[in-house]
Structure formats: structure tokens, C-alpha cells
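Data first, discussion second: the structure below is written as C-alpha cells.
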Protein chains: 2
Amino acid sequence: MPGRNGKGPAWWRGKFRGCGYRLTVPRETIIEVLSKAAKHLSAEEIYLAVHKVYPAIGLTTIYRTLELLVQIGLVFKFDFGDGRARYELAEGPKGIRQHYHLVCTNCGRVIDYTDFIDEAKEFLSQTMKALTEKYNFKIANHLIQFYGLCEKCQK
Amino acid sequence: MPGRNGKGPAWWRGKFRGCGYRLTVPRETIIEVLSKAAKHLSAEEIYLAVHKVYPAIGLTTIYRTLELLVQIGLVFKFDFGDGRARYELAEGPKGIRQHYHLVCTNCGRVIDYTDFIDEAKEFLSQTMKALTEKYNFKIANHLIQFYGLCEKCQK
DNA sequence: TTGGGAATGAAAACCATTACCATTTAGGAG
DNA sequence: CTCCTAAATGGTAATGGTTTTCATTCCCAA
Ligand SMILES: [Mn+2]
Ligand SMILES: [Mn+2]
Ligand SMILES: [Zn+2]
Ligand SMILES: [Zn+2]
């Protein structure tokens with residue numbers, strides 16, 4: 001666990017402190033968990049993971065911290081339709097990993113895909129520019145998701 | 001109110017009956033309300049609107065019917081981040097009105113836009129084709145939303 | 001080291017949605 | 001038209017993810 005004692009990577013600390021927020025063990029641990037997560041954790045899953053290394057953690061802090069991280073832009077919050085929010089680090093030590101999601105409406109599986117990002121960027125920049133002008137709407141973020149049946153669920 | 005007594009437009013009945021579902025007053029009224037809705041109603045808003053003309057309605061029926069309508073594809077269900085689902089008729093008597101949404105993250109306002117649909121279609125058909133091939137994922141639906149600040153909230 | 005506002009955590013509250021179940025109803029068979 | 005039965009309904013209770021409350025703890029600038 002980098003950080004606490006040494007200085008560790010701390011790639012996110014700059015942004016964090018820059019916003020005037022305090023560095024705390026819970027926050028650090030939550031980000032730690034998110035950065036190691038395979039995928040799309042729910043608040044409770046994050047709670048359980050953090051709890052293993054920091055048993056004093058409270059579920060409330062998980063929610064509060066996630067909200068904060070989403071605010072800052074360090075974390076994305078998704079709704080894949082299973083009744084609970086899912087969270088994912090927006091960027092890692094290696095920078096932003098731009099991707100979108102395929103959601104299976106039958107089994108709930110979520111596939112990340114990074115293909116065709118160029119096409120998306122092209123489409124998005126065009127559209128966003130036009131929308132901004134026409135509606136005077138300041139776009140900060142966007143969401144693209146495809147729903148359907150995964151390989152297994154088609155049979 | 002078309003339907004019940006006369007035959008009215010009943011543009012949706014075909015699809016409805018075709019699926020083996022019964023025609024009932026609650027269902028009819030709910031669709032009626034949706035078709036007249038200015039925009040993006042929540043379950044409770046639909047309940048209140050239906051209640052005015054059909055006081056015997058139960059909230060449970062609202063939810064069940066909406067689920068059904070979403071299933072059939074007559075209604076779209078959205079999550080604009082305000083903690084409750086929002087519903088919108090997928091097609092009206094005049095056919096499908098393809099559009100996307102701009103969501104203000106400050107005041108919650110949702111703007112429908114129908115512009116640049118051609119660009120979206122172009123991008124989508126390309127992307128969907130490629131994704132289908134690569135991941136063998138059968139895409140049935142998609143979601144595109146832009147988040148940011150509306151005109152009023154930028155100041 | 002210290003003061004004070006920020007952050008935390010346990011428990012209770014919130015609230016949109018769902019489950020249950022007794023009652024009603026649509027609509028096809030006769 | 002009348003019956004019959006599975007489908008549909010609606011009131012109520014339950015669920016469960018998320019928020020609120022508030023007393024306690026902690027970060028960190030001075
Ligand atoms: Mn992802
Ligand atoms: Mn709309
Ligand atoms: Zn699947
Ligand atoms: Zn706004």
C-alpha cells in the first residue's frame with residue numbers, strides 16, 4: 001500500500017489537495033481499492049474491500065467519499081440497471097483509459113471496450129460543438145452505452 | 001380521450017394485443033397520460049396524472065405497466081440521476097421521434113435534442129456493426145447522454 | 001502543540017421500487 | 001349473452017440502496 005508512510009505514486013494527490021480536501025486514511029484506502037479493482041464496483045463491494053484492510057471504515061464514508069471523487073472527476077458513477085450504482089476510477093497512474101460499455105440485459109454482464117474510440121471522438125467533438133452552440137449548454141461529460149445480449153445469453 | 005368508447009387512433013393497440021396482453025383501463029390511461037406528457041415523467045407523476053381521471057389506480061399498477069411497456073419497447077426508461085426513473089413514450093401516432101438528451105447536472109433540467117441525428121446514426125451503425133462482430137454481442141438498444149450546465153446554471 | 005473546522009462512523013431515517021395476496025376483470029369458450 | 005379462468009389490479013407491508021443525523025475523532029494550518 002503506497003502512500004501513508006512513503007510518498008508512493010500519489011498520482012492523484014495533487015488534484016485532491018488542490019481542491020482543498022484533506023488526505024485521510026479512508027479516502028486513501030478507497031482510492032487504493034478502486035485502482036486495483038477488476039471492474040465496476042458497487043458501494044458495498046468497495047466497503048467490503050476497504051474493510052479488510054481498514055476495519056473501522058463505515059459505509060457512510062464510502063458513499064460520501066465516492067460522491068466527492070465523482071465531483072472531482074476522479075471517479076465515474078454508472079447505472080447498469082441492477083439497482084445499485086457502480087463506480088470506476090476515471091484515470092490511473094498511466095493516465096486516462098477512455099472506454100465505453102456493453103451491458104447485457106439478460107445476465108448483467110458489462111463489457112468494457114476501447115475499440116472505435118476514434119470514431120466516437122470524431123462523432124462526439126462534432127456533436128458537442130454543435131450542441132454547445134445551439135443550446136448554449138456547457139457539456140462536461142457524456143455517456144454512451146449499448147444494451148443487448150452477450151454471447152452466452154443469445155442461445 | 002380516444003379509445004374506450006370510439007375506436008380512436010389506437011395506434012399502439014396492435015403491438016399491444018399482438019404480444020398477448022389484455023387491454024385494460026389502467027393500461028390505456030397510462031399510455032394516454034404518457035402520450036400527452038410534456039416530458040420525462042416519473043412513476044409518481046404518472047400515478048398522479050392517471051389518478052385524476054381514474055382514481056382507483058394503484059401505484060403498483062403504474063410500476064407494473066411501465067415495466068411491461070418498456071419490455072414491449074413502447075416506452076423508454078431513463079435515469080437522469082435524480083434518484084427516480086423517468087419514462088417517455090418511444091413512439092407516438094406520428095411515428096418514432098428519435099432524440100437524445102442533455103442533462104444539466106446542476107438544476108436537473110433535461111433538454112431533448114433531435115439535431116445531428118444523422119451523425120449519430122452514422123457513428124452508431126459503424127460502431128454497432130464492429131462491436132457485434134468483435135464481441136459477438138447482440139445490440140438491441142443504446143444510450144447517449146450529455147451532462148453539463150444549462151444556460152441558466154453557467155453564471 | 002493546539003484549536004477548530006473537516007471528516008468519520010453508528011444508527012436511524014428516507015424513499016423509490018417490489019413482493020404479497022385477496023379481489024376484480026378481460027375476453028374467449030360455449 | 002353468460003360463464004369461467006387466468007390475467008390484472010390495488011392496498012399494504014417489506015425491501016434495500018442511499019442519506020441524514022449527530023456525537024466523536026482527526027487533519028493540518030498557525
Ligand atoms: Mn468500465
Ligand atoms: Mn426525451
Ligand atoms: Zn449475458
Ligand atoms: Zn441547469
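Proteins come first, then strands; the chains are lettered A, B, ... in the order of their sequence lines, and each starts at number 1. Basis for what follows: all heavy atoms, side chains included, without hydrogens, waters or symmetry-related copies.
Taking 4.0 angstrom as the limit, A:Y21 places none of its side-chain polar atoms (N or O) nearer than this to OP1 or OP2 of D:dC28. For B:T61, a side-chain nitrogen or oxygen approaches OP1 or OP2 of D:dG10 to under 4.0 Å. Under 4.0 angstrom from either OP1 or OP2 of C:dT8 there lies at least one side-chain N or O belonging to A:R27. Regarding contacts with the backbone of C:dC20, every side-chain N or O of B:R64 stays at 4.0 angstrom or more from both OP1 and OP2. Taking side-chain N and O atoms only, B:R17 has a distance below 4.0 Å to OP1 or OP2 of C:dG28. Put simply, B:T24 has a side-chain N or O that comes within less than 4.0 Å of OP1 or OP2 on D:dT9. Residue A:R22 places no side-chain N or O under 4.0 Å from the OP1 or OP2 atom of C:dA6. Phosphate proximity of C:dT17 to B:Y63: present, with a side-chain N or O under 4.0 Å from OP1 or OP2.
At whole-Å resolution of the value, CZ in A:R84 and C1' in C:dA16 are 15 Å apart. Rounded to an integer number of Å, the gap from B:D82 CG to C:dA16 C1' is 11 Å. Atom CD1 of B:I62 and atom C1' of D:dT9 are 11 Å apart (whole Å).
Comparing B:T60 and A:Y54 by the nucleotide of DNA chain C that holds the closest heavy atom to each, the one mapping nearer the 5' end is A:Y54.
At a threshold of 4.0 Å, the pair A:D112-A:R97 counts as salt-bridged, since one of the basic side-chain nitrogens sits closer than that to a carboxylate oxygen. For B:E32 and B:R27, the salt-bridge test fails: no basic side-chain N is under 4.0 Å from an acidic carboxylate O.
With hydrogens and angles ignored, no donor-acceptor pair closer than 3.5 Å exists between the side chain of B:T65 and the base of D:dA8.
Using bins of under 30°, 30° to 60° and over 60° for the plane-to-plane angle, the ring pair B:F80/B:F78 lands in the parallel bin.
Of the options A:E88, A:R86, A:E45, a side chain to side chain donor-acceptor pair (under 3.5 Å) to A:H40 is made by A:E88 and by none of the others.
Counting non-hydrogen atoms under 4.0 angstrom, B:Y47 reaches nothing in the nucleic acid.
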